[in-house]
Amino acid sequence: MRPTDEDAGVPREALFEYLLRLGDDRLVLGHRLSEWCGHGPVLEEDIALSNVALDLIGQATHFLRLAGQVEGQGRDEDALAYFRDAIDYRNVNLVELPNGDYGRTIVRQFLFDAWSVLLLDGLQRATHTELAGIAAKAHKEARYHVRHSGEWVIRLGDGTEESHRRVQTAVDELWPYTGELFAADQVDRLLARVIAPEPAALEPVWREVVIDVLHRATLTPPAEGYMHSGGRQGRHTEHLGHLLAEMQILARSHPGAKW
Amino acid sequence: MAAANQPDHASDQWPLWEVFTQAKDGAPHEHAGSVHAPDAEIALQNARDVYARRGEVVSVWVVPSAAIVASSPEDQGPFFDPADDKPYRHPQFYKTPRGVRVY
């Protein structure tokens, strides 16, 4: 592992791994959201969610391109997106879960957005200038994303009896997947401070933002309990394989295809 | 509750909002189109997504369509009569005095 000046002494391998996490979270979630395209509950929301999906895929493209450069093995963003199997994906399990109804999609999005905006805010001050630049641009988008998803959590939670019930169920079911956002391993410890915020440092702020919105939505924050983990290490739910199969089939059937 | 916050007709459609976008500081807000939304905040977000995402827009207004008072088609004659018989209402009627720079 060769440290470089740009990487502030962080081993290349750790930086590569970290960039994959950033890229994979956004690629997988962006692809999930794109499943709503043409199926949104109203035209305006169909457009809104497709826009968010495009933003996330754009962010993923930048993070994965940089990952490929850091890795130095000649893999570009397409190679990393289309020619890795589920076990090589480093996204948190939260983002690969099926969409469910619109309320569940919105809750998943809000839990992610509220975290993402904090992470990107910290990352835009990274000593790695290129990473900081990507994060700064993504941060602007994420601020809109969390506004959109947060406002919808409030309206659905504080909406009809049925929307309240559905969204509360989604919160209860998705909450156990949020622990991964704040768990740190060796990679996070190597990057902490010089490049990335410490995951655990984001949790109190995230919790405050999320619980405030849940209260305004008349929803009950779940009690502390079991948290799923493993996504960062390549241990995924059964849903990721299906998602990747659909996402990758064209590139794998026609390698190098251009359109 | 204002009329604009009530669903249209007896359907389950959200109220309609007119969207105005501003291309740059100081420019007028121009009508861009309309969106359906349950309330003002969502109307603003929908307007942003539909009309302000690709172009250079620095400001968006949303106005409940119900709040707009419009002339009716049958008004066309009397309301917009150009008064062609009153040429002095047009700036071209007046000669530019010598010594005034013409742009």
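Since this is a predicted model, take the numbers as computed values, not measurements.
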Query - Minimum heavy-atom distance between B/Gln45 and A/Tyr144, given as atom pair plus value - result: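 Answer, listing the atom of B/Gln45 first, then A/Tyr144: O-OH, 3.6 Å.
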
Query - Salt-bridge criterion met for B/Glu41 and A/Arg147 (N-O under 4.0 Å) - result: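 Yes, charged N to carboxylate O under 4.0 Å.
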
Are there over 12 heavy-atom neighbours, none belonging to [X], within less than 6.0 Å of that residue's [atom1]?
X	atom1	value
A/Arg84	CZ	yes
A/Tyr82	OH	no
A/Ile249	CD1	no

Within-4.5 Å side-chain heavy-atom neighbours: [X] and [Y]:
X	Y	answer
B/Asp49	A/Glu44	no
B/Asn46	A/Glu45	yes
B/Leu44	A/Glu151	no

Query raised in the report: Among B/Val50, B/Ile42, B/Val35, which has the most heavy-atom pairs under 4.5 Å with chain A?
Result: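 Highest number of heavy-atom pairs under 4.5 Å: B/Ile42.
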
Requested in this report: Can you tell which part of A/Asp55 gets under 4.5 Å to a heavy atom of chain B, answering side chain, backbone, both or neither?
Outcome: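 For A/Asp55, the contact with chain B is made by backbone and side chain together.
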
Query raised in the report: For the candidates A/Val42, A/Val52, A/Asn51, A/Ile47, which exhibits the highest count of non-hydrogen atom pairs separated by less than 4.5 Å from chain B?
Result: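 Looking at each option in turn, the highest pair count goes to A/Asn51.
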
